[in-house]
> 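Below: one structure in structure tokens.
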Amino acid sequence: MSDKIQIQANGNGPGRKLKFNILRYNPQLAGDKPRMVTYEVEEAAGMTIFIALNEIREKQEPSLQFDFVCRAGICGSCGMVINGRPDLACRTLTAKFPSGEITLLPLPAFELIGDLSVNTGKFMRAMSERIGSWIHSSDADNRDLTILEERMDPDLADEIYELDRCVECGCCISACGTKRMRDEFLGAVGFMHVARFHMDSRDHRSDDDWYEVIGDDDGVFGCMTLLGCEDNCPKDLPHQTQIAFLRRSMVKVA
Amino acid sequence: MKSLLEERVRKSRIPARLDLIQSLSGLALGLFMWVHLILVSSILLGKDTMLAVTRLLEASFLRPDVPGGYPALVAGAALTIFVIFIVHAGLAMRKFPSNWKQFREMRSHIKMMHHTDTTQWWTQAVTGFVMFFLGSAHLIIIASNPDKIGPYLSADRFVTWGLWPMYLILLFAVEFHGAIGMYRLAVKWGVFDGKNPQQTRKRLKLAKKCITVFFISLGLASFVAYVKIGIEHRDHAGERYVPTAELHLENPSH
Ligand code: HEM
Ligand code: SF4
Ligand code: SF4
Ligand code: FES
């Protein structure tokens, strides 16, 4: 509701013509070449990029490819480059752009499926396997399932929960100059997951173990502290502090 | 505790050390350059002050009989800095784009993002590249002419030797590179994070801006002072400055 009031107050009211410049390219289609195509959409109150894209697909261009599931910033499927910055389409209001011109590109550094749709899933799975994105417990094999799990300190649980808010949208990966240059670089979402399990008292990996995972130039020492991740994570996760923490921890065991 | 990871090959600890040395050498150079410019700017307080600073650094108080002191100290300092400089350059240059594809990716990423910290990394890379040549030249000149520093002799280097363009370029390169580098060090290692890292980062950015403006202004003022003296002294290039206090001892024959 407050969106509506704001939109009218700043003069971008319903009825404004929005111009969407969208990168169209279907790699499955033989001979298809990447090109920018412009679509016009009439702005509605509280319109998000996601709503506008649906309108384009329904009324103008049925073949337009883009991903979404939750429309609420939870599933992380709708990441794309919106006027130069990676962000979630479902959480970005068109009113944010006073010029009414919006350029959409697929997230770079991921495999392109078509148009605005990229395969973040494949990347995230490889990332999870690379860092072992699950609890590694020394007594996992001989755990007595009849005994209750130890209680976790609620403050610690809160801290873990804070980092666990990552929706694996991939924005931090596309916002990272290091990742764009170096394909093997782990990237911020990977560091965030490492930080999350590092913090978890049930995960028994020591810093020496973690060094095996991130202790090289494809890991934390490759990060050039450009902070694109910090400034473009739609979940505002604390990338800068966590990467700095991991860097210090890894130097301590070196 | 025993490692939980299956692979027992221990990862090399060298990347951690190299990252730390890269940062420490950058820190040392950054601090040195601040002190260095403040010493150089003593010319703004007059030729006598600049000469007093020069003599102090030559430890001439240990040798009251001759005015020169021990220029070898200056040569030693220049060589030490040169070693740190080369170590830093060697380590930092690992981060340069290493092929045309990486170069293009980084350029297009910077153009797409309009993100300060990313753009300033490029500034660092370019200024670093420039300093590698001009800084080396400057350090070698000083290390091989340690006794030829003073209000006139230094000013002659600007004008009669024609090195003023080198000094001007170096001034801007060092001040941009150094201030960005010091800011990056702080966020990279999280040294000042405190309770509110985002706020800290904003303050660090502001501090970086102020430091850049301050040192470039100080540097430009000193630059003008040396060039002015150099022009006035052109016809006597190579002659040493005689401090006001010692003028009466001088034979007024020339
Ligand atoms: C030969 C000349 C130089 C070259 C080629 C060079 C290059 C670089 C590069 C490419 C970086 C970024 C490293 C990264 O992204 O991890 C960097 C960082 C830095 N440079 Fe330099 N630099 C040079 C001289 C200097 C000088 C003279 C100073 C002091 C004013 C300095 C201070 C710093 C600092 C404080 C950092 C941050 C260190 C870090 O991130 O670990 N550099 N340098
Ligand atoms: S860390 Fe942030 S930007 Fe990166 S994948 Fe998770 S939610 Fe997205
Ligand atoms: S700080 Fe920069 S280089 Fe490091 S992961 Fe984030 S965006 Fe990439
Ligand atoms: S559609 Fe789920 S995050 Fe945007």
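Protein chains get the first letters and strands the later ones, always in sequence-line order, with residue 1 at the start of each.
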> Under 6.0 Å from the six-membered ring centre of B:W189 and within 45° of its axis: does the NZ or CZ of A:R248 meet both?
no
> For A:P86, which atoms come within 4.5 Å of any heavy atom of chain B: side chain, backbone, both, or neither?
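The answer is the side chain of A:P86.
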> Do you know the tightest heavy-atom contact between A:L226 and B:D117?
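A:L226 and B:D117 have their closest heavy atoms at O-CB, 3.0 Å.
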> Which atom pair, heavy atoms only, marks the closest approach of A:R85 to B:M113?
NE-O, 2.6 Å
> Check A:A244 against B:V187 and note the closest heavy-atom contact, atom names and distance.
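For A:A244 and B:V187, the tightest heavy-atom pair comes out as CB-O, 3.9 Å.
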> Where on A:V220 is there a heavy atom nearer than 4.5 Å to chain B: the side chain, the backbone, both, or neither?
neither
> Quick one: closest heavy-atom pair of A:T225 and B:R184, and the distance?
O-NH1, 2.9 Å
> Could you report the tightest heavy-atom contact between A:V213 and B:K11, atom names first, then the distance?
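Looking at all heavy atoms of both residues, the closest pair is O-NZ, 4.1 Å.
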> Counting only non-hydrogen atoms closer than 4.5 Å, does A:T103 touch chain B with its backbone (N, CA, C, O), its side chain (CB onward), both, or neither?
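Contact with chain B involves no heavy atom of A:T103 at all.
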> Under 4.5 Å from any heavy atom of chain B, what part of A:N232 do you find: side chain, backbone, both or neither?
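The answer is the side chain of A:N232.
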> Which region of A:A175, side chain (C-beta onward) or backbone (N, CA, C, O), has a non-hydrogen atom less than 4.5 Å from a non-hydrogen atom of chain B, or is it both or neither?
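Backbone plus side chain of A:A175, per the 4.5 Å heavy-atom cut-off to chain B.
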> Heavy atoms only: give me the nearest A:Y211-B:I14 pair and the separation to one decimal.
OH-N, 4.4 Å
> Where on B:Q22 is there a heavy atom nearer than 4.5 Å to chain A: the side chain, the backbone, both, or neither?
neither
> As a test of understanding, state which of A:D208, A:D207, A:D216 forms a salt bridge (Lys or Arg N to Asp or Glu O under 4.0 Å) with B:R13.
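Of the listed residues A:D208, A:D207, A:D216, the salt bridge (Lys or Arg N to Asp or Glu O under 4.0 Å) partner of B:R13 is A:D208.
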> Given heavy-atom pairs under 4.5 angstrom as the criterion, report whether the side chain, backbone, both or neither of B:S12 touches chain A.
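For B:S12, backbone heavy atoms alone lie under 4.5 Å from chain A.
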> Could you please state which residues from residues 186-198 of chain A sit under 4.5 angstrom from chain B, measuring non-hydrogen atom to non-hydrogen atom, sorted by number, or 'none'?
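So no residue qualifies.
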> May I ask you to list the residues in residues 95-110 of chain B that approach chain A closer than 4.5 angstrom, counting heavy atoms only, ordered by number?
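Checking residues 95-110 of chain B against chain A gives B:K95, B:F96, B:P97, B:S98, B:Q102, B:E105, B:M106, B:S108, B:H109.
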